[in-house]
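Comments concern the structure below.
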Amino acid sequence: MKIGYPCINTSIQRTTASTFRMASYSEKRLINTIKDNLNHLNNILEYNVKNEILFFRISSDLIPFASHPLCTFEWRKFFQLEFEQIGEYIKKNKIRISMHPDQFVILNSNNNKIIENSINELKYHCRILDAMYLDGSAKIQIHVGGVYGNKQEAINRFVDTYNKKIEGSDDCSLKKRLVIENDDRLYSLEDCLYISQDTGGIPIVFDCFHHTCYNNGEQLKSALQKAMSTWNRNKDGLSIVDYSSQDLGNGTNDKIRKGKHTGKINITSFKQFLKETQGLDFDIMLEIKDKEKSALKALKTLRSKTSSPISFTNQVGL
DNA sequence: CAGAGTCAAGCTGCG
DNA sequence: CGCAGCTTGACTCTG
């Protein structure tokens with residue numbers, strides 16, 4: 001079991017800008033930004049290894065405008081050496097890597113142009129992981145998409161796009177990396193399981209918090225086991241679980257939307273989660289605003305659990 | 001230099 | 001109908 005956090009490290013000072021506006025686009029600016037971003041990624045990974053955080057989600061902003069027609073620069077070729085070095089570091093330290101494209105990636109859109117743009121964006125994510133020569137355990141996770149007034153049709157469109165348009169060639173390993181995640185309003189775990197079957201087994205990232213927002217009455221552990229059954233441990237690595245909890249606000253504002261992520265980890269809830277899922281092994285991505293701070297706390301909690309007389313079968317580093 | 005306005009991209013539910 | 005929310009505010013202009 002590894003514990004990780006997404007995209008940003010709040011403890012590492014950064015002086016350079018990580019992205020820029022389209023109006024400021026130039027090849028020179030692009031190259032400089034990518035250089036800084038790769039350097040910064042390297043610093044984060046070193047921080048993580050030093051602190052034994054061995055799971056990390058790489059930001060989709062690593063290469064600004066990568067899937068935009070405006071960007072014709074061959075960044076993969078230009079930075080091949082840097083990508084390989086980072087990849088070596090990742091493999092040497094057995095770091096788990098994932099990516100999560102943003103909300104604009106919609107494979108079940110009823111507009112072909114949006115599907116095309118989405119696939120280009122997915123290919124961009126895939127090229128990063130391929131450039132680092134990471135295996136199939138380095139995943140790209142997306143949501144199923146919109147409902148458009150008819151869920152069954154929307155699901156069918158997702159399956160159709162996946163089966164016909166997602167490549168699985170050596171050149172682009174997208175199919176072996178792509179995984180779906182249950183969301184908090186539209187596609188439940190049950191919907192995802194249905195899609196997994198129809199796609200010949202796309203793995204499901206179990207988002208624990210989303211599951212509490214939207215479910216079909218399954219208990220946590222059995223729900224998690226169902227999601228885990230869609231993963232092939234040899235090809236896909238350990239199952240990934242997204243963990244967060246509800247933002248309860250500061251007491252003065254009780255209108256916080258259901259589904260909003262919390263600012264920092266609640267250790268009592270986290271312990272409860274570990275207790276309820278005892279006996280299962282998976283990697284946990286903490287979707288929590290204070291990032292590495294919560295990851296450090298969670299790791300400490302996990303360690304104290306594993307070394308306590310009440311033996312947990314979850315073990316760090318497996 | 002601080003604060004406000006704006007930023008490539010989609011969809012949904014709320015007020 | 002505008003806006004917040006989504007994995008994350010950051011960049012850039014104005015005064």
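As the structure is a prediction and not an experimental result, all values here were calculated from the model. First the proteins, then the strands, lettered A, B, ... as listed; each starts at 1.
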Is any side-chain nitrogen or oxygen of [X] closer than 4.0 Å to OP1 or OP2 of [N]?
X        : N      : answer
A/His210 : C/dT7  : yes
A/Lys289 : C/dT8  : yes
A/Ser24  : C/dC11 : no

If we ignore hydrogens and angles and just use 3.5 Å, is the side chain of A/Ser244 paired with the main-chain N or O of A/Glu287 as donor and acceptor?
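Such a contact is found between A/Ser244 side chain and A/Glu287 backbone.
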Between the main-chain N or O of A/Lys264 and the side-chain N or O of A/Asp290, is there a donor-acceptor pair closer than 3.5 Å?
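A pair under 3.5 Å: no.
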Closest listed nucleotide, where the reference is the side chain of A/Cys7 and the choices are C/dT7, C/dC11, B/dG10:
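Closest of the options to the side chain of A/Cys7: C/dT7.
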By nearest atom, which of the nucleotides B/dG10, C/dG5, B/dA9 is closest to the A/Glu121 side chain?
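Comparing B/dG10, C/dG5, B/dA9 against the side chain of A/Glu121, the answer is B/dA9.
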Identify, residue by residue, the members of residues 27-39 of chain A with a heavy atom below 4.0 Å from DNA chain C, and return them in order of residue number, or none.
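Close to the strand are A/Arg29.
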Give the residues of residues 139-157 of chain A touching DNA chain C, defined as any heavy atom closer than 4.0 Å, sorted by residue number.
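Within this stretch, A/His143 sit under 4.0 Å of the strand.
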Rest of the hydrophobic cluster containing A/Met285 (Ile/Leu/Val/Met/Phe/Trp/Tyr, side-chain heavy atoms under 4.5 Å)?
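Once heavy-atom contacts under 4.5 Å are chained together, A/Met285 belongs with A/Phe55, A/Val179, A/Val205, A/Trp231, A/Ile240.
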Closest-nucleotide ordering on DNA chain C, the 5'-leading residue of A/Phe20 and A/Ile8
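Closest to the 5' end, via its nearest nucleotide, is A/Ile8.
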Taking the nucleotide of DNA chain C with the nearest heavy atom to each, does A/Pro6 or A/Thr19 sit closer to the 5' end?
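It is A/Pro6, whose closest nucleotide lies nearer the 5' terminus.
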What contact category does A/Leu70 fall into here, base, sugar-phosphate, or nothing, at under 4.0 angstrom with non-hydrogen atoms?
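Here A/Leu70 touches no strand at all.
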So A/Ser18, base contact, sugar-phosphate only, or nothing? Heavy-atom distance under 4.0 Å.
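A/Ser18: backbone/sugar contact only, no base atoms under 4.0 Å.
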Pair assignment for DNA chain C - dot-bracket with | for other-strand partners, Watson-Crick or G-U under 3.5 Å:
||||||..|||||||
For the side chain to side chain contact (heavy atoms under 4.5 Å, CB included) test, which of A/Ile267, A/Asn266, A/Ile288 pairs with A/Ser294?
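The single option meeting the side chain to side chain contact (heavy atoms under 4.5 Å, CB included) with A/Ser294 is A/Ile288.
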Taking the [atom1] atom in each of [N] and [M], what is the distance between them to the nearest angstrom?
N      : M      : atom1 : answer
C/dC3  : B/dA9  : P     : 16 Å
C/dG5  : B/dG3  : P     : 22 Å
B/dA8  : C/dC13 : P     : 12 Å
B/dT12 : C/dT7  : P     : 16 Å
C/dA4  : B/dG5  : P     : 13 Å

In terms of the angle between their ring planes, are A/His100 and A/His143 parallel, tilted or perpendicular, with boundaries placed at 30° and 60°?
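Correct class here is tilted.
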Parallel, tilted or perpendicular, as decided by the 30° and 60° cut-offs, for the rings of A/Tyr162 and A/Phe158:
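Parallel, since the angle between the ring planes stays under 30°.
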Atom [atom1] of [X] and atom [atom2] of [N]: how far apart are they, to the nearest Å?
X        : N     : atom1 : atom2 : value
A/Phe56  : C/dT8 : CZ    : C1'   : 11 Å
A/Asn182 : C/dT7 : CG    : P     : 11 Å
A/Gln103 : C/dG5 : CD    : C1'   : 8 Å
A/Asp184 : C/dC6 : CG    : P     : 8 Å
A/His100 : C/dC6 : NE2   : P     : 11 Å
A/Asp242 : C/dC6 : CG    : P     : 13 Å
A/Glu287 : C/dG5 : CD    : P     : 16 Å
A/Phe65  : B/dA8 : CZ    : P     : 5 Å

I need a per-nucleotide contact map over nucleotides 2-7 of chain B, read 5' to 3'. Cutoff is protein heavy atoms under 4.0 Å; write B for the base, S for backbone only, - otherwise.
---BBB
Suppose we screen for ring pair (Phe, Tyr, Trp, His ring centres under 6.0 Å). Which residues come up paired with [X], at least two apart in sequence or across chains?
X        : result
A/His40  : none
A/Tyr187 : none
A/Tyr243 : A/Phe270, A/Phe273
A/Phe73  : A/Phe78

Residues which pass side chain to side chain donor-acceptor pair (under 3.5 Å) with A/Glu46, listed by chain and number, not counting sequence neighbours:
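So A/Glu46 forms no side chain to side chain donor-acceptor pair (under 3.5 Å) with any residue.
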Please test A/Glu52 against A/Lys300 for salt bridge (charged side-chain N to carboxylate O under 4.0 Å, His left out), starting from the C-alpha separation and ending with a verdict.
CA-CA 10 Å; A/Glu52 300 176 73; A/Lys300 204 173 151 192; over 6 Å; no
Kindly state whether the pair A/Phe104 / B/dA9 counts as stacked, where counting means centroids closer than 5.5 Å and planes tilted less than 30° apart.
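It does: the two rings, one from A/Phe104 and one from B/dA9, meet the stacking criterion.
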Using 0.5 Å steps for rounding, measure from the CG atom of A/Asp183 to the CD1 atom of A/Ile142.
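Those atoms lie 11.5 Å apart.
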Distance in Å, A/His125 NE2 paired with A/Ser67 OG, rounded so as to fall on 0.5 Å steps:
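Going from NE2 on A/His125 over to OG on A/Ser67, the span is 8.5 Å.
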For A/Lys91, all residues meeting salt bridge (Lys or Arg N to Asp or Glu O under 4.0 Å), sequence neighbours excluded:
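Partners of A/Lys91 under the salt bridge (Lys or Arg N to Asp or Glu O under 4.0 Å) test: A/Glu88.
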Quick check on contacts: within residues 107-114 of chain A, what sits under 4.0 Å from DNA chain B by heavy-atom distance?
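Heavy-atom contacts with DNA chain B come from A/Ser109, A/Ile114.
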Shared hydrophobic cluster, A/Ile97 / A/Val49 (ILVMFWY, side-chain heavy atoms < 4.5 Å):
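Per the 4.5 Å side-chain linkage, A/Ile97 and A/Val49 are co-clustered.
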Heavy atoms only: give me the nearest A/Leu41-A/Met132 pair and the separation to one decimal.
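It is CD2-CE, 3.9 Å.
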What is the minimum heavy-atom distance between A/Arg177 and A/Lys139, and which atoms define it?
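Smallest interatomic distance, heavy atoms only, reads O-CD, 3.2 Å.
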